[in-house]
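Notes to accompany the following structure.
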Number of protein chains: 2
Amino acid sequence: MSDYRKITLSDVATRVGVSAITVSRALRSPEKVSVVVREKIFAAVEDLGYVPDAAARALASSRTNVIGVLIPSVTNNVFSDVLKGIYTGIENTPFDLQLGNTRYSVLSEEQLLRVFLSQRSAGLVVTGTDQSGAARALLASAPCPVVQIMETDNEPVDMVVGFSHYQAGQAATEHLLAQGYKKPAFIGARMDPRTQRRFRAFADTAKKAGAFDPARVATTPAPSTVTLGGQLFGDLLATAPDTDAVFCNNDDIALGVMFEAQRRRISIPESLGICGFNDLEMMAVAEPPITSVRTPRFEMGQRAIAMLIEAIGGTPPARPLVDIGFQLLRRRSTGC
Amino acid sequence: MSDYRKITLSDVATRVGVSAITVSRALRSPEKVSVVVREKIFAAVEDLGYVPDAAARALASSRTNVIGVLIPSVTNNVFSDVLKGIYTGIENTPFDLQLGNTRYSVLSEEQLLRVFLSQRSAGLVVTGTDQSGAARALLASAPCPVVQIMETDNEPVDMVVGFSHYQAGQAATEHLLAQGYKKPAFIGARMDPRTQRRFRAFADTAKKAGAFDPARVATTPAPSTVTLGGQLFGDLLATAPDTDAVFCNNDDIALGVMFEAQRRRISIPESLGICGFNDLEMMAVAEPPITSVRTPRFEMGQRAIAMLIEAIGGTPPARPLVDIGFQLLRRRSTGC
DNA sequence: TTGACAAATGATAGCGCTAACATTACTACT
DNA sequence: AGTAGTAATGTTAGCGCTATCATTTGTCAA
């Protein structure tokens, strides 16, 4: 690779005996080049191992094949599942991904957005609908399609794929109440906007049933872990020992609650009902299996990219708002 | 953004009253520009909201700020922890990340490598040391620094940050034997090269103690999940019901084994010892807590990027081979 | 056969930046 | 004051590709 000269368009052109622009056309819009020439060009490309220079193309055409993706965390299970869907969605397309980690900061998000826009991204995927004012303005006037993912509770800028976190929280809470639990609690970590909507749903629904007590709410801004779930459950029992059910922020928290309950010999589901969120794969096989709300994370990523690519191609989807739904999975941890 | 003309270097230059190249220098190597001019330039950049065009820079300098990262999976916990380290490592550096998902295929890996090399990546991070012959050749003659991560068992191409999976497997197996287990089993999914090295260590170590029985090995090429752990454990008990300990491929499998054992009322650690691998956060708080081998995944990513950036800067680290070690965490699941 | 028109190909310029060399401004010393 | 030497800035050209417009070739009807 050291004394290796880069193979360029004109190398291919010379080899075939045509001009560089014809090679460019053969690669970009093959239908504009005669079949004979086209095939000779493809053969030469293969032969020489020509790989187009993305930077040169971007500069010349002032377009890129880069889709910018803004997510708040690279480690969180939720987003890695969404990412997997996104990666699957761009497979066998000419698009590349550029990931931006906002770390749950609207300011980082705004800054990354500026970078992506200045680099003429072909499209953008952003998480949630709670951007800063400036960021929303940037998105609204972005020269490329934008998909917001994760939630449908707010008004989207362009397209959106998600589900209603409020409705999901409501469904979970109603389930706990329907199972006969009288004193439900909420445990939440990393109270991001979506978690907050779920909490609001919990509070509203419990209130309506006369079962809401602010003492039965344990939250923290720290990122959620199984350990933290156990600790918050401990805190909760200290202030509200009569708690008989917990709606957890997510499944990590729920697992922590389960382990801590087992440690304290609190019987699940008799003395304690547990409901998680996201339905991680292990929830179904835990002992006992844990009730959770399944969120179609992989599909969300896939759909988002599919819509984006369609829109980049010039045919924006008829329905720019996709509610991908959720599903309450009733399991033994809530007496099912 | 629609009828918005891109702000370029010469816009800034005109504003300040210098030539474009001076602005370029002020941004690239500030020490070559007088303080007075430099500050005026910075002010103008801020003022106009100038953002350099990465494509133009790449084309002109035939260098990029893109570090290519090749990992076999975007969802696996192990790699998402490594990724987190990598992301942390490039924070506040001028570098961007481009992720390539090889999906455990050496062919995909080779292809992605070609793309990254043709796009003049500033540096490369690749997973493992088991590339295809062609890929190894590409890496060996790559015009940029390369860091291999995850394992130190093989000869690296350039730099490497990892640990010995063989030694880790040995330590785990010796621990099971030392705890008095006589009939240890191995359960593994997604038998990638690193898992295979751990298995080889298990087999060698058990053999040496006269405790190896091929009937007590359950593996599958499918990706590991908690559910799969439970199933493989069931299979294992069907063929080797006298198994008294399990060394698991990873913690997901170990959790599955634990839940399945609980379901079958097999007491842990009395009738069954369980040892996992990776030490996911929840292992310490599971009930019972599960013995595992802690692997410094975050640190591995961080160190890898730090070394790479040093090398890109022209000062390759003195020791290009970093064994970052591992740690056996003895917990109740093996009677500790 | 010729003209009209479409299809196929080519020539030219320029995207925004930096490498390489050229020039000018400044400093220090004889 | 003059000169060498360095620091600061400028000029020119070109990275590899594509947009735009120009030209050539091919096709078909009259």
Side-chain angles (χ1 to χ4, degrees), chain A residues 4-42 44-45 48-66 94 96 115 117-122 143, chain B residues 4-42 44-45 48-66 94 96 115 117-122 143:
Chain A
Y4 148 102
R5 211 184 54 87
K6 199 177 160 70
I7 308 259
T8 70
L9 256 195
S10 35
D11 295 326
V12 179
T14 312
R15 165 73 82 96
V16 177
V18 295
S19 68
I21 187 72
T22 301
V23 179
S24 171
R25 268 198 283 257
L27 297 174
R28 219 113 323 290
S29 20
E31 76 285 356
K32 289 186 187 159
V33 173
S34 67
V35 183
V36 187
V37 174
R38 191 196 307 166
E39 307 232 296
K40 273 200 268 183
I41 289 175
F42 287 162
V45 164
L48 296 169
Y50 168 71
V51 181
D53 184 320
R57 177 181 296 173
L59 185 57
S61 66
S62 64
R63 272 186 270 115
T64 65
N65 285 334
V66 176
D96 279 333
V115 172
L117 287 173
S118 83
Q119 310 208 341
R120 317 189 191 86
S121 298
Chain B
Y4 148 101
R5 210 185 55 91
K6 200 179 160 70
I7 307 260
T8 70
L9 257 195
S10 35
D11 294 327
V12 179
T14 311
R15 165 74 82 94
V16 177
V18 295
S19 68
I21 188 71
T22 301
V23 178
S24 171
R25 269 197 283 257
L27 298 174
R28 219 114 324 290
S29 23
E31 76 285 356
K32 291 188 186 159
V33 174
S34 67
V35 183
V36 186
V37 174
R38 193 196 307 167
E39 307 232 295
K40 273 200 265 180
I41 289 175
F42 287 161
V45 163
L48 296 169
Y50 168 72
V51 181
D53 184 321
R57 176 182 296 172
L59 185 57
S61 66
S62 63
R63 273 186 272 114
T64 64
N65 284 334
V66 176
D96 279 331
V115 173
L117 287 173
S118 83
Q119 309 208 341
R120 318 189 191 84
S121 298

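Just so we're on the same page: letters track the sequence lines, and every chain starts at 1.
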Can you tell me the distance, in whole Å, between the CD1 atom of B/Ile21 and the P atom of C/dC17?
11 Å
Report all interatomic pairs (protein N or O, nucleotide N or O of nucleotides 23-26 of chain C) with separations under 3.5 Å.
none

Atom-to-atom span, CZ of B/Arg63 to P of D/dG14 - whole angstrom:
19 Å
Residue pair B/Val23 / B/Ser10, side-chain heavy-atom distance below 4.5 Å
no
Who pairs with A/Arg120 by side-chain hydrogen bond (donor to acceptor under 3.5 Å, both in side chains), at least two apart in sequence or on another chain?
B/Asp53
Could you tell me whether the side chain of A/Asn65 reaches within less than 4.5 Å of the side chain of A/Asp96, counting heavy atoms only?
no
Is there a residue in residues 24-40 of chain B whose heavy atoms reach under 4.0 Å of DNA chain C, and which residues are they?
B/Ser24, B/Arg28
Might you point out which heavy atoms bring B/Ala26 and B/Val33 nearest each other, and give the distance in Å?
N-CG2, 3.7 Å
What is the distance, rounded to the nearest whole Å, between atom CG of B/Asn65 and atom C1' of C/dC17?
13 Å
According to a strict under-4.0 Å criterion, is B/Ser19 in side-chain N/O contact with OP1 or OP2 of D/dG10?
yes
Closest-nucleotide ordering on DNA chain D, the 5'-leading residue of A/Ala55 and B/Ala20
B/Ala20
Which residues share a side-chain hydrogen bond (donor to acceptor under 3.5 Å, both in side chains) with A/Ser61, sequence neighbours left out:
none
Could you give the distance from OG (B/Ser24) to NZ (B/Lys32), rounded to the nearest 0.5 Å?
10.0 Å
Please pick, from C/dG10, D/dG16, D/dG10, the nucleotide with the shortest atom-to-atom distance to any side-chain atom of B/Leu59.
D/dG16
Rounded distance (nearest 0.5 Å) linking atom CZ of B/Arg57 with atom CG of B/Leu59
13.0 Å
Classify A/Thr22 by what it touches in the nucleic acid, base, sugar-phosphate, or nothing, heavy-atom distance under 4.0 Å.
sugar-phosphate
Determine the minimum heavy-atom distance between B/Ala122 and B/Thr64, stating which atoms define it.
CB-O, 3.3 Å
Specify the separation, in whole Å, of atom CZ of A/Arg120 and atom C1' of D/dC17.
12 Å
Expressed as a whole number of angstroms, how long is the span from A/Gln119:CD to C/dG16:P?
14 Å
Note: B/Leu27 and B/Phe42 closest approach over all heavy atoms is CD2-CE2, 4.0 Å
Please list, chain by chain and in numerical order, all residues satisfying side-chain hydrogen bond (donor to acceptor under 3.5 Å, both in side chains) with B/Ser121, sequence neighbours excluded.
none
Quick one: does A/Leu48's side chain get under 4.5 Å of A/Arg15's, heavy atoms only?
yes
Compare the minimum distances between each of D/dG14, D/dG10, D/dT18 and the side chain of B/Ala60, then state the nucleotide with the smallest one.
D/dG14
Work out how much the helix from C/dT1-D/dA30 to C/dT30-D/dA1 bends between its end axes, five pairs an end, to the nearest 10 degrees.
40°
Here the distance between atom P of C/dG16 and atom CG of B/Leu9, to the nearest Å, is 10 Å
Compare side-chain N and O positions of B/Ser61 against OP1 and OP2 of C/dC17 and report whether any pair is under 4.0 Å apart.
no
Work out which heavy atom in B/Val51 is nearest to a heavy atom in B/Lys6; give both atom names and the distance.
O-NZ, 4.3 Å
Check the distance between C/dG14's C1' and B/Asp53's CG and give it to me in whole angstrom.
14 Å
